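Okay, structure first, notes after.
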Amino acid sequence: MKVGIIGGGFGLKVQAPIIKIHPMMKITAVSTMERHQLPEELLNGENPPAHYQNWTDMLEKEELELLFVSSIPIYHFERVKYALQRGINVVCEKPFTRDSKESKECCSNSYRHDILDNLNT
């Protein structure tokens, strides 16, 4: 399963090591802010993940099957919504959205596209 991560803090420090040991998952792309560097553990190996500073570029160029959204919470809604509209399964760190209207919209998009939308609450 091709996995992408948006977020350089929790996404790289906590989620990436767990994803990396899963036998059926491979981190193929990461999007972080300019200040973040990919950890050596991700860069070692035959196919290190592509590193993007623009998350929309990553979602448009990579063929991801699963996306972990661990960015700053105020940006979760737009990133989750964009990924769902592209048919990408999503795991989003808490808080999922800023209000129930945004949450309902994301859940509706996941049902419409018959994809996974996992919220860490």
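Model, not experiment: these values are computed from the prediction.
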Distance-only donor-acceptor pairs under 3.5 Å for side chains of residues 17-27, two or more places apart:
{"unit_1": "Lys20", "atom_1": "NZ", "unit_2": "Glu41", "atom_2": "O", "d": "2.4"}
{"unit_1": "His22", "atom_1": "ND1", "unit_2": "Met24", "atom_2": "N", "d": "3.0"}
{"unit_1": "Lys26", "atom_1": "NZ", "unit_2": "Asn47", "atom_2": "O", "d": "2.9"}

N/O donor-acceptor pairs under 3.5 Å from side chains in residues 57-69, not counting sequence neighbours:
{"unit_1": "Glu60", "atom_1": "OE2", "unit_2": "Tyr82", "atom_2": "OH", "d": "2.5"}
{"unit_1": "Glu62", "atom_1": "OE2", "unit_2": "Tyr52", "atom_2": "OH", "d": "2.5"}
{"unit_1": "Glu65", "atom_1": "OE2", "unit_2": "Lys2", "atom_2": "N", "d": "2.7"}

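Cluster membership check: Phe10 does not share its hydrophobic cluster with Phe77, using side-chain heavy-atom separations under 4.5 Å among Ile, Leu, Val, Met, Phe, Trp and Tyr.
Listed by first and then second residue, the salt bridge (Lys or Arg N to Asp or Glu O under 4.0 Å) pairs that reach into residues 69-85 are Lys81-Glu105, sequence neighbours excluded.
Asp99 and Glu102 make their closest contact through OD1-N, 2.9 Å (heavy atoms, listed as atom of the first residue, atom of the second, distance). Among all heavy-atom pairs drawn from Ala16 and Leu42, the shortest one is CB-CD1, 4.2 Å.
Counting only heavy atoms from C-beta outward, the side chains of Pro49 and Thr28 never approach each other to under 4.5 Å.
Thr97 contributes atom OG1, which lies 11.5 Å from atom NZ of Lys101 (distance to the nearest 0.5 angstrom). Rounding to the nearest 0.5 Å gives a distance of 9.5 Å between SG of Cys92 and CD1 of Ile6.
Remark: the backbone N or O of Ser31 is not paired with any side-chain donor or acceptor of His51 at under 3.5 angstrom.
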